[in-house]
Structures are given as C-alpha cells and as structure tokens.
Engineer: 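Take this structure first; my questions come after.
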Protein chains: 2
Amino acid sequence: MTNYQNLLKSYGLKTTFQRLSILKSIDIAGHITIDDIHKDILTNHPSLSLATVYNNILKMQNIGVVVEVPISGKKSKYELIKDDHIHLICQKCGSVVDKDINCDVEQIFDKISVENNFVLLSTQNNLYGVCKDCIY
Amino acid sequence: MTNYQNLLKSYGLKTTFQRLSILKSIDIAGHITIDDIHKDILTNHPSLSLATVYNNILKMQNIGVVVEVPISGKKSKYELIKDDHIHLICQKCGSVVDKDINCDVEQIFDKISVENNFVLLSTQNNLYGVCKDCIY
DNA sequence: TCTTTATTAATAAAAATTATTATCTAAGGA
DNA sequence: TCCTTAGATAATAATTTTTATTAATAAAGA
Ligand SMILES: [Mn+2]
Ligand SMILES: [Mn+2]
Ligand SMILES: [Zn+2]
Ligand SMILES: [Zn+2]
C-alpha cells in the first residue's frame, strides 16, 4: 500500500494508530464494511470506538483516500482509492472482486458524458451475479 | 408504464392504492428515495405510513418490479425495472439521468464475466460528476 | 519537555429501518 | 350483492445505524 502516513499529513490529518489501522484493514480486505473494520481492529485494540471508525472513514473519504462502494441491498463497503474499475459482486456470498476496466468502455463513458455536457469525475461499475465459488 | 396491476397479481400481491401510488410515484420521478415517495403520496393520502412504503418497496424489489439504485454518499433511490443502463449522477444537485448502455460495453462486461466464471445477472453503471445545469 | 490542537472514547442523541399487532380491505366465492 | 378470509395497512414500538457532544488523551512541532 502507498504511503498513507504522508498522504494523511499532507491533508492535515494526524497519523494515529486508529487511522492507520483502518487503512490497513481496508487494504487487506480489499472491500469491507464499517462494522467489519471495527470488529477487525477490536481484536488487538479493544477500546476502538465505532464512532471513530465512522468519523475517520468520512474524513478519509473527503480527502479522497477512501472510497465508498454502495451495493444494492447491502451495506456499503469501503476500499482504498484506485483507478476506476469494475466490481464483480456475488449475490450469494457477498464477495466483491476488482477487474480492470477496458479502455473502450472508458471511451464510451467519456463520449456519453460529452454528449450530455456532463463533467465526468468517477465511475462505479457493479456487475451483480453469482461468483464461481457459489455455483454448484 | 406497464400493467403493474397484473404484475402484482401474478406474484400474489394484492392491488392496493398504496402499491399503485408507490409505483406511480417512482414512475413519474424516475429515481426517488423512500422518503420522497412517502412525502409525495402523503399529499393526497395523508394516512400513508412510512413503514408501508418500506415494506412494499422491499416486496416489489423481491418480485423484481422495483430496483434499488445505491448512490455513493447519499440515500438509495428506487426506479422501476428496466434494461440495464447507465446513470449520470450529479454530485451537485443529486439528479440521476438514464442513458442507454452501448452494446459494446455489454459485450465487454459479458466477456469479463465469462473469463471469471461469473454468472452475470444485472449491472449498475454509475457515472458521477457534474450535470450541465450545475456548471456555471 | 512543553504547548497546542486535533483526536479519541464514551456516551447521548438523532435518524433510519424493521417488527408488532389490531384494524381494515381486496379478492374470490356463495 | 353479500360474506369470508387471507393478506395489507396504520400506528406504534423496538431496533439498528449514524451523527453529535464533550472530557480526556495523544500527536506534532517548538
Ligand atoms: Mn474495488
Ligand atoms: Mn435508472
Ligand atoms: Zn459467491
Ligand atoms: Zn446537477
């Protein structure tokens, strides 16, 4: 993972064990809910407040380090900032897998945006279905 | 809008004023939150319970008439079922506009799914940015 | 080390969602 | 048209999720 300590500092956010733990938890999981971040960190830091996770996720969203991944019918998951990509979301087990987005797709999205005088900033591309481990 | 009365019936859901009002409200708005559906219907049906909106949205989601549109940083909106398409979502005013999805894009999504043994059922393609009315 | 200021934990408050239940109504049959 | 009945609604309570408050704490720089 990138140097998040410097990134936090550049936005005036102090480096705390809590923040680094949250980033580490997200990085390891790939995509994870607020609750699961909290549970994860609780194991070796039992006093972590859930509110602290909420607060910091919000702050780190605002500075662009963390991105919300809203998922139909489920609680949002969070990931570290990365280039636009595709999500394969399993409706059985809830897994979320990243896939590179094709250049052609990006061009088409750009074209649609231009046609509609829409200033495109980011995309979220969720493919819902059943993952290979859940077909039996 | 299609004949939702028959659709409800075919799934064993009784046709009620409340359900038809919800469907109509969604149809007219295009994309709308639970709260706004409730407020909308309240004007000429002041006794409508918010819980009734929640319950029915859930039931109509389950039978596939209504689809949740989760939006990063905001409350989900709901729309009537339609073919997969693209959303232009304005981060200033919150507007959501439908755009047809290009066949090429669909093919690429299919290809990615096949490559990953993923059974693709539906997609949600959110393009976040600033709409033409919000650039000044 | 000291000082300052942001951050945290703990808690309370608020907002959102779901559950419960008595009453009511849509739908089908007599 | 008038029952009958299963399912739906309204009202409310309960639960869950998220945000606000604040005293104590810890990071960062002097
Ligand atoms: Mn991702
Ligand atoms: Mn739509
Ligand atoms: Zn799965
Ligand atoms: Zn706008």
Side-chain angles (χ1 to χ4, degrees), chain A residues 3-25 32-63 65-78 94, chain B residues 3-25 32-63 65-78 94:
Chain A
N3 189 340
Y4 290 109
Q5 188 154 349
N6 286 347
L7 196 49
L8 290 175
K9 188 182 290 182
S10 74
Y11 280 95
L13 295 186
K14 287 180 178 172
T15 303
T16 65
F17 174 81
Q18 291 83 349
R19 280 177 187 150
L20 293 178
S21 299
I22 290 170
L23 291 172
K24 190 177 171 193
S25 182
I32 185 170
T33 63
I34 299 263
D35 265 352
D36 285 344
I37 293 171
H38 184 229
K39 281 181 200 157
D40 182 19
I41 300 173
L42 273 189
T43 60
N44 59 345
H45 191 268
S47 71
L48 178 74
S49 171
L50 180 57
T52 296
V53 182
Y54 273 103
N55 286 338
N56 283 309
I57 287 287
L58 188 61
K59 279 185 178 165
M60 294 195 283
Q61 259 187 280
N62 289 339
I63 70 172
V65 181
V66 168
V67 174
E68 178 186 1
V69 180
I71 298 172
S72 189
K74 307 222 172 165
K75 296 187 76 176
S76 287
K77 297 191 174 191
Y78 295 83
Chain B
N3 189 338
Y4 290 109
Q5 187 153 350
N6 287 347
L7 196 50
L8 291 175
K9 188 183 288 181
S10 73
Y11 280 96
L13 295 186
K14 288 181 177 173
T15 304
T16 65
F17 175 81
Q18 290 82 349
R19 278 176 188 153
L20 293 178
S21 299
I22 291 170
L23 290 172
K24 190 177 171 191
S25 181
I32 186 171
T33 63
I34 299 263
D35 264 351
D36 286 344
I37 293 171
H38 184 230
K39 281 180 200 156
D40 182 21
I41 300 173
L42 274 188
T43 60
N44 59 344
H45 191 269
S47 70
L48 178 73
S49 170
L50 179 57
T52 297
V53 182
Y54 273 104
N55 286 336
N56 282 310
I57 286 288
L58 188 61
K59 280 184 177 164
M60 296 196 283
Q61 258 187 280
N62 289 338
I63 71 173
V65 181
V66 169
V67 174
E68 179 186 1
V69 181
I71 298 172
S72 189
K74 306 223 173 165
K75 293 187 75 176
S76 288
K77 296 191 175 191
Y78 294 84

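Chain identifiers are assigned alphabetically (A, B, ...) following the order of the sequence lines, protein sequences preceding nucleic acid strands; residue numbering begins at 1 within each chain.
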Engineer: What's the closest nucleotide to the Lys14(B) side chain, out of dA6(D), dT18(D), dT8(C)?
Structural biologist: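 Within the option list, the nearest is dA6(D).
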
Engineer: OH of Tyr11(A) to NZ of Lys59(A): how many Å apart, nearest 0.5 Å?
Structural biologist: 15.5 Å

Engineer: Could you pick out which residue, Phe17(B) or Gln18(A), lies toward the 5' side of DNA chain C when each is mapped onto its nearest nucleotide?
Structural biologist: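 Nearer the 5' end of the strand: Gln18(A).
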
Engineer: State, to 0.1 Å, how close Ser76(B) and Glu68(B) come at their nearest heavy-atom pair, and which atoms those are.
Structural biologist: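 For Ser76(B) and Glu68(B), the tightest heavy-atom pair comes out as OG-OE2, 2.6 Å.
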
Engineer: Just compare dA28(D), dT18(D), dA8(D) and give me whichever is closest to any side-chain atom of Arg19(B).
Structural biologist: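 The answer is dA8(D).
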
Engineer: By nearest heavy atom, map Thr16(A) and Lys9(B) onto DNA chain C; which one lands nearer the 5' end?
Structural biologist: Thr16(A)

Engineer: Looking for any heavy atom pair under 4.0 Å, which part of the strands does Lys59(B) touch: base, sugar-phosphate only, or nothing?
Structural biologist: sugar-phosphate

Engineer: Please determine whether a side-chain nitrogen or oxygen atom of Lys75(A) lies at a distance below 4.0 Å from atom OP1 or OP2 of dT18(D).
Structural biologist: yes

Engineer: Would you indicate, yes or no, if dT11(C) has its OP1 or OP2 atom less than 4.0 angstrom from a side-chain nitrogen or oxygen of Ser49(A)?
Structural biologist: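 For dT11(C), neither OP1 nor OP2 has a side-chain N or O of Ser49(A) closer than 4.0 Å.
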
Engineer: Once you apply a heavy-atom cut-off of 4.0 Å, does Ile34(A) come out as touching a base, just sugar-phosphate, or nothing?
Structural biologist: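 No contact.
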
Engineer: Using a 4.0 Å heavy-atom cut-off across all strands, classify Leu13(B) as base, sugar-phosphate, or nothing.
Structural biologist: sugar-phosphate

Engineer: Would you mind classifying the nucleic acid contact of Asn55(B) as base, sugar-phosphate or nothing, using non-hydrogen atoms under 4.0 angstrom?
Structural biologist: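 Nothing, no nucleic acid heavy atom in range.
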
